[in-house]
Protein chains: 2
Amino acid sequence: MTKMSKKKAAILQAATALFATKGFADTHMSELSSVTGAAEGTIFYHFKNKEHILLTILSDTKVSIVDEFNAHMDDREFETGMEMMEEVVAFYLLFAGRMEYQFLILHSLFIYRLAESRAEFRDNLEAIYDCLVTFFEQAIIKGQEDGSIGDVNPRKSALIVFTMVDGLVRFKNFNLYDAGALFNELIDSVRRMLKPN
Amino acid sequence: MTKMSKKKAAILQAATALFATKGFADTHMSELSSVTGAAEGTIFYHFKNKEHILLTILSDTKVSIVDEFNAHMDDREFETGMEMMEEVVAFYLLFAGRMEYQFLILHSLFIYRLAESRAEFRDNLEAIYDCLVTFFEQAIIKGQEDGSIGDVNPRKSALIVFTMVDGLVRFKNFNLYDAGALFNELIDSVRRMLKPN
DNA sequence: TTTCCGACTGAGTGCTCAGTCGGTTTTTTT
DNA sequence: AAAAAAACCGACTGAGCACTCAGTCGGAAA
């Protein structure tokens, strides 16, 4: 990350929290200005418009997710694919907790509406999902080689597991119930789902 | 449903589609007016404000979900809890497809923001989720009695299964990938997850 | 026939908002 | 130290917004 003015960084950080909690349309530049102490003019000096702030956040989020997942997984070796799967799930939940605002934005409708019409948004979203699903898939493939995971379609099962884990994160972020309380249940479920019969 | 003026029904229907696809804040009364052919004044004659339209939609959705699930499940008998679970999953996916706009709204951030501050919204959402999770839970309990489902925590496992199914619906509605293509995989996963070992 | 009422109308209103602009301050370069 | 560039400021603008209101209309009750 190249160095960035204090104000610009503050604007991005505040916008991330506000977009996540209030939504895009309901977050006003005046608010962003008062929260960060930057004048409205300053915001438009750094970003050509409101949408561009969101795109920057999404792009930064993509970089964080792709980099951190790769770094975390490269760091360690796994005996079995099933172990790797458990680690992917655990790291996903941990990471989503650390990046709560970013994941809230990823779970928001407005980002998908933009993705439909704007390639810059779509590309970032696709990169994020592809990276994540691929990790789940790799674990399944590895597990099928070493016998720790049964004979399932790797991509499809990866999507199902991803759906479960991501759904739990969403429920937690939407305050429906606490994902942490279901962690053990989730890991058990994944194990039962994937183990050879 | 008591009889309702043509215009009012048209406003509700159009608002459901617009709120679902464009979001609440990005749907303007002028649009609702031009789409339905009702004057803006007419909209405010039937609903005291924009939020009240959303509340009416949510409340109608709650009634539909609770009624239709109860009706569908009361209609049939199941040999085993596992069969019942499969039917709940299948009906959930079918129903979510039929009520795509309503489910999109249920998956939108704005509804949860309103639920935080407004009891009218919170109560409807809670009733919907409670009804749905309880069906999954009942299937598990029945399955544990007849031996078709293993020894898991019924409520927690119901939440996990609900997470999977609802997550799939969300992914489909957000155009991430087609839930239909994963239907068989999903049913298999649920079966493996819950079967006695 | 008159009265009344619910459904409906659309121009009008005041306000909120994203974005602009002319200028100042701070930092970097020479 | 001077000049240039980058960062910052906040009053201002005008478009667009939710909502209002005085009034029309058709049909049912009195």
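The residue A/K7 sits close only to the backbone: its heavy atoms come under 4.0 Å of sugar-phosphate atoms, none of a base. Within the 4.0 angstrom heavy-atom criterion, only backbone atoms of the sugar-phosphate kind lie near A/T27; the bases stay farther away.
More than 12 heavy atoms of other residues, nucleotides or ligands lie within 6.0 Å of CZ in B/F44, so this atom counts as buried by the packing criterion. Other residues, nucleotides and ligands contribute more than 12 heavy atoms inside 6.0 Å of the CG atom of B/D74. When the shell of 6.0 Å around CG of B/N197 is examined, it contains 12 or fewer heavy atoms from other residues, nucleotides or ligands.
Close to D/dA7, at under 4.0 Å from its OP1 or OP2, lies no side-chain N or O of A/T42. An OP1 or OP2 oxygen of C/dG6 is reached within less than 4.0 angstrom by no side-chain nitrogen or oxygen of B/H46. Distances shorter than 4.0 Å separate some side-chain N or O of A/H28 from OP1 or OP2 on C/dA18. Phosphate contact (OP1/OP2 of D/dC8, side-chain N/O of A/S5, threshold under 4.0 Å): present. Look at B/Y45 and you won't find any side-chain N or O under 4.0 angstrom from OP1 or OP2 of C/dC8.
D/dA7 atom C1' lies 13 Å from atom CZ of A/F47, rounded to whole Å. For the pair B/M29 CE and D/dC19 P, the interatomic distance rounds to 6 Å; values are reported in whole Å. Atom CD in A/E40 sits about 12 Å away from atom C1' in D/dT13, given to the nearest Å. Note: CD1 (B/I43) to P (C/dT9) measures 10 Å, nearest angstrom. Summarising the geometry, the separation between NZ on A/K6 and C1' on D/dC8 is reported as 16 Å, rounded to the nearest angstrom. To the nearest angstrom, P of D/dC8 lies 14 Å from CG of A/L32. At whole-Å resolution of the value, CZ in A/F44 and C1' in D/dT13 are 13 Å apart. Atom NZ in B/K48 sits roughly 16 Å away from atom C1' in D/dT20 (whole-Å rounding).
Although no hydrogens or angles enter the test, the distance criterion places a donor-acceptor pair under 3.5 Å between the side chain of A/S157 and the main chain of A/N153.
Because its NZ or CZ atom is not both nearer than 6.0 Å to the ring centre of B/F103 and within 45° of the ring axis, B/K172 does not count as a cation-pi partner of that residue. A cation-pi arrangement is present between B/K50 and B/F24 under the rule of less than 6.0 angstrom and at most 45 degrees off the ring axis.
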Please list each protein N or O that sits under 3.5 Å from an N or O in nucleotides 24-26 of chain C, with the distance.
none

Item to complete: Evaluate the criterion salt bridge (charged side-chain N to carboxylate O under 4.0 Å, His left out) for residue pair A/K22 and A/E31; output intermediate values, then yes/no.
Response: CA-CA 11 Å; A/K22 311 193 58 178; A/E31 225 175 337; 2.8 Å; yes

